[in-house]
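Beneath this line is the structure, given in structure tokens, with notes to follow.
Lettering of chains follows the sequences in order, A, B, ..., and the numbering in each one begins at 1.
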Protein chains: 2
Amino acid sequence: MSDAHPDQAGPSTTSSSGVPGGPGGRAGTDAARGGASGGEAEGTRPGVEQTRPGAEETRRIRVLLAEDQGMMRGALALLLGLEDDIEVVAQVAAGDRIVAEAVAVRPDIALLDIELPGRSGLDAAAELRTRLPSCRVLILTTFGRPGYLRRAMEAGAAGFLVKDGPVEDLAVAIRRVLRGERVIDPALAAAALSAGPSPLTQREQDVLNAAADGATVADIAGRVFLSESTVRNYLSSAIGKTGTRNRMEAVRAARQNGWL
Amino acid sequence: MSDAHPDQAGPSTTSSSGVPGGPGGRAGTDAARGGASGGEAEGTRPGVEQTRPGAEETRRIRVLLAEDQGMMRGALALLLGLEDDIEVVAQVAAGDRIVAEAVAVRPDIALLDIELPGRSGLDAAAELRTRLPSCRVLILTTFGRPGYLRRAMEAGAAGFLVKDGPVEDLAVAIRRVLRGERVIDPALAAAALSAGPSPLTQREQDVLNAAADGATVADIAGRVFLSESTVRNYLSSAIGKTGTRNRMEAVRAARQNGWL
DNA sequence: GGTCCCGCGGGACAAATGTCACGGGCGGCC
DNA sequence: GGCCGCCCGTGACATTTGTCCCGCGGGACC
């Protein structure tokens with residue numbers, strides 16, 4: 001747009017929301033350093049030397065990028081910015097910033113990680129579907145879990161990419177999605193189909209989630225507001241359904257399939 | 001490392017050898033190794049000169065990049081390739097390929113992830129230290145765990161970067177390391193110092209590692225070749241030292257500090 | 001009405017887990 | 001030498017965990 005600096009009202013970039021682990025919180029200050037790393041603001045320098053083959057007749061693809069890992073986010077943004085038909089108009093690091101940012105900048109496509117602080121990318125995708133139907137969603141995640149793919153499809157995502165595989169796939173996938181196609185790894189689709197939907201009931205998932213960090217039965221009961229006996233029963237049935245022998249194994253198995 | 005690569009549902013690209021350079025990306029793959037094999041008695045002080053913008057006659061900084069996540073690896077390689085004083089001469093996706101590739105292409109600096117399939121980047125760094133002393137090591141990891149930093153320093157790494165923070169830091173850190181400086185996040189260094197070394201003995205770590213996936217005492221005993229009673233004792237003492245109440249909490253706590 | 005399923009909880013029980021006290025052997029260090 | 005820490009093991013014990021069977025209430029469906 002017409003601005004020049006990261007101080008614009010809506011689409012300022014990386015919110016400073018914290019990322020787990022790092023003791024040193026490094027605040028926003030993502031200001032793209034000059035020179036080669038153009039960054040996302042479109043008009044920073046007039047001399048962006050991309051060669052436009054067809055003049056102005058095609059508007060660039062406006063991309064919102066949601067990814068918590070700073071280096072990954074920056075690298076993807078720079079790379080996409082190098083493509084002459086793609087423009088990164090917003091970057092967010094937290095899941096609960098996605099929808100607000102999207103309605104502010106109205107991108108053509110949202111590139112969402114799943115595991116984000118604050119809110120799952122799948123959740124955000126579902127809300128985006130109703131709040132901003134013109135924006136297509138492309139999920140980009142580390143783990144190709146069958147359940148993730150299933151939920152992504154149910155949330156209305158148009159594509160599902162794993163972070164393995166070459167970077168070149170990314171721009172290609174974006175263009176294909178914008179053309180209305182669906183892009184999904186075929187092997188992953190097969191796995192998702194064969195795995196079937198989650199056999200776990202809602203309560204079982206809750207209890208497993210609460211048990212994931214090593215909490216005792218009493219702890220879980222306190223968090224989920226259930227009796228200890230009930231918690232044991234749910235744990236037991238979850239263990240049975242996952243074919244495991246522990247709550248620990250059950251948690252791992254459920255995570256493995258994307259059921260949590 | 002809860003992650004590593006538990007499921008191979010996706011397209012199993014990550015072969016252990018060099019990564020195929022994309023058709024569009026002119027990223028230097030191992031094609032460059034042929035040129036390097038000739039002159040081996042190079043000056044012991046590679047490229048100590050400051051980066052002079054525009055000066056072409058100085059040799060570019062030769063970088064080896066070890067990172068398992070394909071997209072991250074590709075993005076970093078492309079980005080570093082854009083810098084006019086840096087050249088990515090090798091990319092590996094598995095930890096057990098690092099040393100072999102390094103002695104083959106003799107890079108100036110090795111950019112290593114820690115959590116890699118096959119072998120830890122810290123291990124590889126330690127061996128690199130003796131096998132190829134001219135090559136400096138810069139650790140690039142997702143998690144800024146105090147124990148990781150400590151072990152990286154003990155392995156002779158010259159720098160420690162977390163994958164948060166802007167991409168621009170990367171090239172800067174590479175140049176600084178090549179100049180002989182050490183680059184470490186100050187906050188992280190303070191945390192590592194205050195946390196002290198791991199209180200866990202070797203066996204306790206082994207047992208915790210074996211217990212990480214929800215194995216029973218009998219399973220652990222079988223894996224570590226110990227009596228079940230002994231396993232219980234080690235687990236108990238590990239639980240005590242970490243100040244937790246379960247093996248599950250103990251595993252999480254130990255992971256959190258980088259003690260595993 | 002009846003019947004079925006589901007969420008929720010209780011109680012009893014076996015198995016696993018966590019704790020403690022106690023041994024012996026080995027190596028380093030004052 | 002004595003002391004200490006780590007290694008490895010045993011046995012006993014309390015607690016927790018996992019399993020099974022039971023009951024209650026409510027909603028859906030016939």
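- Computed from coordinates, the B:Glu228 CD to C:dT19 C1' distance equals 17 Å when rounded to whole Å.
- With no hydrogens or angles considered, no side-chain donor-acceptor pair links A:Glu115 and A:Thr142 at under 3.5 Å.
- Under the 4.0 Å criterion applied to side-chain N and carboxylate O atoms, B:Arg119 and B:Glu127 are assigned as salt-bridge partners.
- Between the side chains of B:Asn209 and B:Gln205, no donor-acceptor pair of N or O atoms lies under 3.5 Å.
- At least one side-chain nitrogen or oxygen of A:Ser229 sits closer than 4.0 Å to the OP1 or OP2 atom of C:dG10.
- For B:Arg245, no side-chain nitrogen or oxygen approaches OP1 or OP2 of C:dG18 to under 4.0 Å.
- With DNA chain D read from its 5' end, the first of the two nearest nucleotides for B:Lys241 and B:Phe225 is the one closest to B:Lys241.
- For the 3.5 Å distance criterion, the side chains of B:Glu204 and B:Ser237 qualify, holding a donor opposite an acceptor.
- Contact annotation: side chain of A:Asn233 to base of C:dG10, donor-acceptor pair present below 3.5 Å.
- Looking at B:Leu188 and B:Val162, their side chains come closer than 4.5 Å, going by heavy atoms from C-beta outward.
- For A:Arg232, no side-chain nitrogen or oxygen approaches OP1 or OP2 of D:dT19 to under 4.0 Å.
- In the set C:dT19, D:dT10, D:dC8, D:dC8 carries the atom at the smallest distance from any side-chain atom of B:Tyr234.
- Relative to the six-membered ring of A:Tyr148, A:Arg151 misses at least one condition, a distance below 6.0 Å or an angle of at most 45° to the axis.
- Between B:Ser227 and the phosphate of D:dC8, there is no side-chain N or O to OP1/OP2 separation shorter than 4.0 Å.
- At whole-Å resolution of the value, CG in A:Leu226 and C1' in C:dG10 are 14 Å apart.
- Dashed line: the shortest gap from a side-chain N or O of A:Thr230 to OP1 or OP2 of C:dC8 is not under 4.0 Å.
- Remark: C1' of D:dT16 and CE of A:Met248 are 15 Å apart, rounded to the nearest angstrom.
- You'll find the side chain of B:Met72 stays beyond 4.5 Å of the side chain of B:Asp113, heavy atoms only.
- Axis angle between the ends of the helix from C:dG1-D:dC30 to C:dC30-D:dG1, five pairs each and rounded to 10 degrees, works out to 20°.
- Computed from coordinates, the B:Leu235 CG to D:dT15 P distance equals 20 Å when rounded to whole Å.
- In this structure, the CZ atom of B:Arg247 is 19 Å from the P atom of D:dT15, given to the nearest Å.
- By the salt bridge (charged side-chain N to carboxylate O under 4.0 Å, His left out) test, A:Arg255 is found to be paired with no residue, residues two or more places apart in sequence or in another chain being considered.
- Within residues 199-216 of chain B, the residues having any heavy atom closer than 4.0 Å to DNA chain C are, in order of number, B:Thr216.
- A salt bridge links A:Arg223 and A:Asp213; the closest N-O separation between the charged side-chain nitrogens and carboxylate oxygens is under 4.0 Å.
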